[in-house]
Student: 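Got a structure for you, written out below as structure tokens; questions coming shortly.
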Amino acid sequence: MHARFTGIVLFVRPHRENDGLVKIFTQEYGTKMFFVRGLNRPNNLLKSQLLPLTENDYVGIINDEGLSFLNEGITRTFFHQVQLDIVRQAFGVYFSQLVDASLEDNLPNPAVYELLTRCLQALESGVQPEIVTAFLEIHLLPAFGTGLYWGSCVICQSTLEPYDMSIRKMGLLCSRHFSQDEFRLRIHPRAMHVVNLLAQVSIEQIESIQLKPETLEEVRRLMDEIYQEFVGIRLKSRHYLDQLAKMEVSIAGISWKKSPENKD
Ligand SMILES: [Zn+2]
């Protein structure tokens, strides 16, 4: 079927000598694999519309199953900072892999499409990438088939903080009900506060939040626990981000030691 559609490029994979397979999350038809002849040829007119993490308008042939084809493309959003900044790009790659893992191919999912677009926009506009990541992970949980209880204590609906997270009760516990789960995650109240907020607001409302490294680390621990328990996938790009985070910590340590003000 000949169609006009909009989509975000998730990844590109070389295929045979000169061709490529491009996975695009289309707004209208869900995630689809496209066959591109002569992917790396200099005269490939679709070059910039085949870059991962760009959003484009296309004309092509959509097949219900198997491979689809592209004829024309025009850039809708390029996300320059995400393309240029290696750290933001690494986060973007994780976003695309996680979204891809959460979706069944060939089924439209406008809610997740909008979620990914907004998260890429937030990454582009300089929101702390770790915060955007937690936002995406929380809001992708329903696509992975999990609903956690946010906003108040899962036992008594109290909105009085501090909260902790109970994997067993699948939601928040207020301090009066900490005893309901001896394996509660013992997450720092500040990180719990932030994640509970992320679960309930739109991403535009959190653009100005700036978290300290120790809070970000605790948010990461919480999200890792939740994903390990309810999603159970471990993506390469997640592993790469964890390596990056470790590197940042050790670089910060080195510069602290070398700084003359910190001499003994
Ligand atoms: Zn309670």
Side-chain angles (χ1 to χ4, degrees), residues 91 94-95 97-99 101-104 109-119 121-123 127-235 238-239 241-242 245-246 249:
F91 278 93
Y94 172 63
F95 292 3
Q97 288 191 1
L98 194 65
V99 162
S102 78
L103 297 171
E104 202 174 316
N109 192 326
V112 172
Y113 188 89
E114 188 172 334
L115 178 63
L116 178 59
T117 315
R118 283 175 184 242
C119 286
Q121 273 158 2
L123 203 56
V127 182
Q128 277 184 307
E130 295 88 348
I131 295 180
V132 189
T133 304
F135 184 90
L136 176 70
E137 287 169 334
I138 292 164
H139 291 275
L140 264 189
L141 283 172
F144 281 112
T146 298
L148 288 183
Y149 190 89
W150 302 100
S152 63
C153 171
V154 67
I155 310 283
C156 71
Q157 284 74 55
S158 162
T159 51
L160 197 66
E161 298 191 42
Y163 296 123
D164 197 1
M165 172 55 71
S166 165
I167 292 288
R168 191 181 285 181
K169 303 277 181 197
M170 296 183 74
L172 307 178
L173 294 177
C174 74
S175 57
R176 279 197 301 156
H177 289 109
F178 281 176
S179 57
Q180 294 277 320
D181 181 3
E182 57 172 314
F183 299 111
R184 66 190 172 86
L185 297 179
R186 291 176 170 77
I187 300 292
H188 191 282
R190 189 186 304 274
M192 276 310 309
H193 172 82
V194 170
V195 173
N196 185 40
L197 186 72
L198 296 183
Q200 298 178 84
V201 300
S202 69
I203 198 158
E204 291 77 14
Q205 286 171 270
I206 52 144
E207 271 180 8
S208 55
I209 298 185
Q210 280 282 334
L211 297 181
K212 290 183 185 163
E214 49 276 30
T215 310
L216 289 177
E217 237 173 79
E218 194 67 352
V219 167
R220 188 65 252 147
R221 181 166 80 86
L222 173 59
M223 295 318 302
D224 280 344
E225 292 276 4
I226 292 174
Y227 263 68
Q228 205 174 350
E229 185 62 30
F230 297 113
V231 180
I233 51 164
R234 186 76 193 158
L235 298 169
R238 175 73 258 160
H239 180 70
L241 288 178
D242 293 341
K246 269 187 211 155
V249 169

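Note that ligands are numbered from 1 as they come in the structure, with each ligand's atoms numbered from 1 the same way.
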Student: Mind listing the side-chain donor-acceptor pairs of residues 189-196 below 3.5 Å, one per line with the distance, residues two or more places apart or on another chain?
Tutor:
| unit_1 | atom_1 | unit_2 | atom_2 | d |
| --- | --- | --- | --- | --- |
| H193 | ND1 | E161 | OE1 | 3.0 |
| H193 | ND1 | E161 | OE2 | 2.9 |
| N196 | OD1 | G151 | N | 2.9 |
| N196 | OD1 | Q200 | NE2 | 3.2 |

Student: Please list, one pair per line, the donor and acceptor atoms closer than 3.5 Å that link side chains of residues 167-176 to other protein atoms, with sequence neighbours excluded.
Tutor:
none

Student: Name all residues meeting the salt bridge (Lys or Arg N to Asp or Glu O under 4.0 Å) criterion together with R220; count only those two or more places apart in sequence or in a different chain, and write none if there are none.
Tutor: E137, D224
Student: Salt-bridged, R221 to E217, with N to O below 4.0 Å?
Tutor: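 Salt bridge: no.
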Student: Can you check whether V219 reaches I131 side chain to side chain, under 4.5 Å on heavy atoms?
Tutor: no
Student: What is the distance from atom CH2 of W150 to atom CD1 of I138, rounded to the nearest 0.5 Å?
Tutor: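 Rounded to the nearest 0.5 Å, the CH2-CD1 separation comes to 5.0 Å.
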Student: Which residues and atoms, counting only protein N, O or S, are under 2.8 Å from the Zn ion (ligand 1)?
Tutor: C153 SG, C156 SG, C174 SG, H177 ND1
